[in-house]
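Note sheet for the following structure.
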Amino acid sequence: QVQLVESGGGLVQAGGSLRLSCACSGNIFRPIPLGWFRQAPGKQRELVATISSGGFTNYADSVKGRFTISRDNAKNTLYVYLQMNSLKPEDTAVYYCAASWNIRSPSVNDYWGQGTQVTVSS
């Protein structure tokens with residue numbers, strides 16, 4: 001059974017930084033692409049960033065230059081991280097990590113974490 005568990009969310013002032021972590025354990029194929037998504041109140045879930053097993057990254061235009069996605073394939077547990085700098089109030093959302101072979105458009109049947117709240121105050 002595959003389990004994704006996020007951590008690192010919280011409350012931060014605008015301009016601040018947070019680092020999200022996601023531990024992917026269980027019977028997960030390690031080359032699988034990973035990603036971060038977010039959902040703000042009243043809005044649809046949106047892609048934030050994705051990363052392939054080889055380190056190729058993709059970002060939403062709204063976070064380019066501020067967020068950095070990375071992954072650690074070497075540990076026994078697969079990790080994906082999201083370093084968020086220069087945070088803005090509009091970054092406030094629940095952030096989810098996901099693992100999918102179609103990571104730019106994952107389905108509900110793919111692997112998802114439970115989400116972690118990020119709140120940016122102005």
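Positions are given from 1, in the same order as the sequence printed here.
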Taking the side chain as every heavy atom from C-beta outward, state whether [X] and [Y] have any atom pair closer than 4.5 Å.
X	Y	answer
Tyr96	Arg45	yes
Leu82	Arg38	no
Trp36	Glu6	yes
Arg66	Asp91	yes

message = Grouping I, L, V, M, F, W and Y whenever their side-chain heavy atoms are under 4.5 Å apart, do Tyr59 and Leu87 come out in a common cluster?
response =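 The answer is yes; both residues are in one hydrophobic cluster.
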
task = Give a yes or no on whether Ile69 and Tyr111 share a hydrophobic cluster (residues Ile, Leu, Val, Met, Phe, Trp, Tyr; joining criterion: side-chain heavy atoms under 4.5 Å apart).
result =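 Yes.
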
message = If you compare all heavy atoms of Ala14 against all heavy atoms of Ser122, which two are closest, and at what distance to 0.1 Å?
response =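 In this case the closest contact between Ala14 and Ser122 is CB-CA, 4.4 Å.
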
task = Step through the shown structure and confirm whether more than 12 heavy atoms of other residues, nucleotides or ligands are within 6.0 Å of CG on Asn27.
result =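 No, because the 6.0 Å sphere around CG of Asn27 holds 12 heavy atoms or fewer from other groups.
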
[X] (side chain) donor-acceptor with [Y] (main chain) under 3.5 angstrom:
X	Y	result
Arg30	Asn73	yes
Gln83	Arg19	no
Thr92	Val120	yes
Trp112	Ser107	yes

ask   = Any chance the SGs on Cys22 and Cys97 are under 2.5 Å from each other?
value =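 Yes, disulfide present: SG-SG under 2.5 Å.
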
Carboxylate-amine/guanidinium proximity below 4.0 Å for Asp61 and Lys64 =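 Yes.
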
Separation of Arg71 CZ from Ile51 CD1 (nearest 0.5 Å) =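 Result: 6.5 Å between the selected atoms.
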
request  = Measure the CG-CD1 distance between Asp110 and Ile103 for me, rounded to the nearest 0.5 Å.
outcome  =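 Rounded to the nearest 0.5 Å, the CG-CD1 separation comes to 7.0 Å.
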
